[in-house]
Amino acid sequence: MPGTNKRPHYDLEFTLRRVFGKREFRPVQREVIAATLHGEDVFLQAATSFGKSLCYQLPAVVDFGITIVISPLLALMNNQVASMRKANVRVETINSTTTAGNKKRINDDLQCGHPLTRLLYVTPEYCQLDSFRRLLRVVHSQRELARIAVDEAHCVSEWGHDFRPSFQQLSWFKAEFPDVPIICLTATATARVRDDITTTLGLDASKLKMFRMSTSRPNLHYEVRFKSDEKDHYNDFVRWLKHIHEKRAAPERASQLASQNQRPDNWPGIIYTLFRKDCESLAARLRSDGIGAKPYHAGLPHTERADALAGWVANKEGYDVIVATTAFGMGIDKENVRFVVHWQIPKSFEGFYQEAGRAGRDGKASSCILYYSREDRDRALTMLARDQQRQPKSGAVSAQQAQLRHRLSSMQALVNYCEGTTKCRHKMIANYFADDGETPCGMACDWCRDARALVRKKEAGLASEEWVSTQRDLGRYNMDEYE
Ligand SMILES: Nc1ncnc2c1ncn2[C@@H]1O[C@H](COP(=O)(O)OP(=O)(O)OP(=O)(O)O)[C@@H](O)[C@H]1O
């Protein structure tokens with residue numbers, strides 16, 4: 001029996017409309033919510049922008065007790081807390097930016113055993129603190145610990161693309177509170193990652209309610225653009241973006257936009273680069289070309305990052321494009337992101353899907369462009385091979401070796417995606433995640449739009465394999481680190 005006081009009746013539709021301002025549930029949201037309210041352990045894997053957060057936020061509002069949400073990123077926590085506060089939900093977060101006063105207030109609320117807080121967002125590291133664990137025991141003893149939500153649950157697995165060792169310590173929850181339901185949420189998990197998460201968190205696979213939804217994002221237009229070290233692809237990108245701005249600035253369109261309080265040059269997007277230095281130089285270069293761009297990476301002061309994020313979310317002039325490392329990714333929920341560009345091949349297939357998934361969360365058509373070169377591919381593969389060589393060969397570290405092998409196969413799958421000219425890109429993504437459902441595309445990928453043109457562009461745009469292999473042998477693609 002779950003360790004909470006249960007409300008006998010929930011009017012889920014009423015709460016959805018009244019608190020969350022949504023007209024109806026998306027397919028399966030209701031079933032997931034019902035399962036967790038029923039006290040089941042739940043695993044939800046669903047496409048980016050599916051609406052996974054609602055599946056623990058709504059139960060937290062209708063149920064007794066407090067929901068602890070474990071989240072890997074500060075930006076993600078603050079983003080969610082802000083939107084829940086707008087809906088007048090009592091939500092708190094404890095992280096490195098929480099003031100001592102606020103922390104005391106939240107702790108006092110927990111200490112009383114009957115917290116007023118409905119949702120508390122914390123990091124996995126915070127969950128390891130004895131002081132926090134003591135407070136959770138107090139809450140649990142009063143049957144007020146409603147559930148644990150593990151957001152971005154792929155971070156639990158060594159085979160996940162964003163593995164965080166501290167996520168593995170979340171096994172403490174099931175060991176300590178076997179009666180408190182856990183809900184795991186992720187957009188990106190292979191079968192192996194799912195199994196690993198289940199075992200690590202101590203969930204009983206035979207009782208776990210598993211919801212696996214389609215990975216499909218039909219409104220995203222996937223495209224690979226080919227490049228080589230010989231040619232700067234900056235101009236290609238700027239031409240593309242300026243063309244969009246010009247179309248929006250045409251008199252009729254501009255007055256239509258003005259009536260909606262929109263600027264022609266507010267075509268919000270994210271450019272992902274692998275290197276911090278590129279973030280800053282690329283953002284500066286774009287600004288010098290009249291494009292409102294801001295850098296975002298973990299090395300920037302917190303205030304600068306917060307300013308970039310807030311300006312971009314508010315569609316402020318000068319903040320139209322964020323040039324970011326992967327520090328800006330998981331869970332960012334801005335509805336009108338019209339494009340996501342990968343400046344180089346990302347580090348993993350899952351990372352690519354997750355980052356591209358920031359686009360088009362309002363359901364409108366949006367572009368996901370990946371600039372691919374064989375030189376970048378070989379740089380990435382060289383780094384992976386080097387990491388593999390550095391691994392000690394003893395049995396104790398075989399898990400790390402297996403993890404590296406997974407990274408390599410994920411990268412290889414992404415290379416196949418980039419080099420592929422025989423299949424719909426939506427289909428390739430579904431195949432990677434072993435999702436055999438429908439993948440409607442229409443013309444929403446470069447292959448379906450014009451397969452022959454794709455082959456021509458590939459032949460013209462990429463350096464030949466012979467050339468790249470000579471350069472590789474000369475050690476030209478040896479790099480030390482990404483950032
Ligand atoms: N039933 C619904 N009706 C309308 N909008 C919804 C519904 N459920 C969720 N949304 C909206 O969908 C958007 C995406 O939700 P959310 O941020 O939870 O996505 P997610 O599944 O966690 O995606 P990701 O894995 O990409 O972070 C949010 O703006 C949310 O308000």
Side-chain angles (χ1 to χ4, degrees), residues 220-241 243 269-275 278 281-282 285-286 323 325-326 339-353 355-356 359 367-386 407-429 431-432 441 443-479 482:
L220 298 189
H221 289 232
Y222 293 111
E223 181 182 349
V224 174
R225 294 196 180 187
F226 303 101
K227 61 167 186 149
S228 71
D229 278 2
E230 299 293 290
K231 214 166 150 231
D232 186 3
H233 60 297
Y234 175 84
N235 292 331
D236 178 78
F237 170 73
V238 170
R239 231 185 350 262
W240 174 80
L241 187 57
H243 180 62
I270 309 171
I271 301 176
Y272 282 107
T273 81
L274 293 172
F275 308 99
D278 283 0
S281 60
L282 181 54
R285 195 170 172 193
L286 289 166
V323 187
T325 59
T326 49
F339 70 87
V340 168
V341 166
H342 282 95
W343 209 243
Q344 306 92 353
I345 187 166
K347 286 186 235 178
S348 67
F349 202 103
E350 292 88 340
F352 162 68
Y353 175 75
E355 287 150 16
S367 310
C368 299
I369 301 172
L370 194 166
Y371 282 101
Y372 168 73
S373 77
R374 288 180 174 151
E375 295 91 326
D376 287 344
R377 171 199 68 187
D378 282 6
R379 284 184 192 102
L381 291 173
T382 313
M383 262 194 289
L384 274 175
R386 190 214 48 205
R407 276 172 58 196
L408 197 59
S409 78
S410 172
M411 170 58 79
Q412 193 54 57
L414 189 56
V415 168
N416 295 346
Y417 170 92
C418 294
E419 294 258 356
T421 54
T422 58
K423 216 189 238 174
C424 166
R425 297 212 186 271
H426 290 264
K427 191 102 213 132
M428 287 197 250
I429 292 172
N431 286 352
Y432 180 77
C441 175
M443 302 287 256
C445 86
D446 48 4
W447 187 78
C448 289
R449 225 167 23 239
D450 190 342
R452 274 199 277 187
L454 177 67
V455 173
R456 271 199 311 277
K457 286 180 194 164
K458 181 179 164 189
E459 278 166 6
L462 289 180
S464 72
E465 289 290 14
E466 292 74 28
W467 162 261
V468 175
S469 109
T470 319
Q471 299 301 305
R472 192 171 52 227
D473 291 347
L474 292 170
R476 296 266 154 81
Y477 306 137
N478 293 352
M479 288 196 319
Y482 272 123

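Listed here is the closest heavy atom pair of Tyr372 and Val415: OH-CG1, 3.8 Å. Here the closest non-hydrogen pair linking Leu414 and Ser348 is CD2-O, 3.6 Å. The minimum heavy-atom distance linking Cys418 with Ile345 is given by the pair SG-CD1, 4.1 Å. Shortest non-hydrogen contact noted between Pro346 and Phe352 is CG-CB, 3.8 Å. Between Leu462 and Ser373, the shortest heavy-atom distance links the atoms CD2-CA, 4.0 Å. Between His426 and Ala444 the shortest heavy-atom distance is NE2-O, 3.0 Å.
For residues 454-468, the set of pairs meeting the salt bridge (Lys or Arg N to Asp or Glu O under 4.0 Å) definition, not counting sequence neighbours, comprises Arg374-Glu465, Arg377-Glu465, Glu419-Lys458.
For Phe226, there are no ring pair (Phe, Tyr, Trp, His ring centres under 6.0 Å) partners two or more places apart in sequence or in a different chain. Not counting sequence neighbours, Asn235 has no partner by the side chain to side chain donor-acceptor pair (under 3.5 Å) test. When the salt bridge (charged side-chain N to carboxylate O under 4.0 Å, His left out) test is applied to Lys427, no partner is found at least two apart in sequence or on another chain. Residues that satisfy the salt bridge (charged side-chain N to carboxylate O under 4.0 Å, His left out) test with Arg225, not counting sequence neighbours, are Glu223, Asp236. Scanning for salt bridge (charged side-chain N to carboxylate O under 4.0 Å, His left out) contacts around Asp446 gives Arg425, with sequence neighbours left out. Taking the side-chain contact (heavy atoms from CB on, under 4.5 Å) definition, one finds that Thr382 meets it with Tyr477, Asn478, sequence neighbours left out. Taking the side chain to side chain donor-acceptor pair (under 3.5 Å) definition, one finds that Tyr417 meets it with nothing, sequence neighbours left out. Asp378 meets the side chain to side chain donor-acceptor pair (under 3.5 Å) test with Arg472; sequence neighbours excluded. Legend: residues meeting side-chain contact (heavy atoms from CB on, under 4.5 Å) with Leu241, ordered by chain and number and at least two apart, are Phe237, His245, Trp267, Ile291, Val321, Phe339. Annotation: salt bridge (charged side-chain N to carboxylate O under 4.0 Å, His left out) contacts of Asp450 (sequence neighbours excluded): none. For His221, there are no side chain to side chain donor-acceptor pair (under 3.5 Å) partners at least two apart in sequence or on another chain.
To the nearest 0.5 Å, atoms OG1 (Thr273) and NE2 (His342) are separated by 10.0 Å. The distance from the CG atom of Asn431 to the CZ atom of Phe349 is 8.5 Å, given to the nearest 0.5 Å. Taken to the nearest 0.5 Å, the SG atom of Cys368 stands 10.5 Å off from the OH atom of Tyr272.
At least one side-chain heavy atom of Tyr234 sits under 4.5 Å from a side-chain heavy atom of Leu286. Taking 4.5 Å as the limit, some side-chain heavy atom of Asp229 sits within range of a side-chain heavy atom of Arg379. Put simply, the side chain of Ser367 reaches to within 4.5 Å of the side chain of Trp240, judged on heavy atoms. Between Ser228 and Glu375, the closest side-chain pair of non-hydrogen atoms falls below 4.5 Å. Looking at Thr326 and Glu355, their side chains come closer than 4.5 Å, going by heavy atoms from C-beta outward.
The closest donor-acceptor contact from the side chain of Gln344 to the backbone of Asp376 lies at 3.5 Å or more, if one exists at all. Looking only at distances, a side-chain donor or acceptor of Trp447 sits under 3.5 Å from a matching main-chain atom of Thr421.
Using bins of under 30°, 30° to 60° and over 60° for the plane-to-plane angle, the ring pair Trp343/Tyr371 lands in the perpendicular bin.
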Working note: Glu350 + Tyr432, criterion side-chain contact (heavy atoms from CB on, under 4.5 Å); need CA distance, chi angles, decisive distance, verdict.
CA-CA 9 Å; Glu350 292 88 340; Tyr432 180 77; 2.9 Å; yes
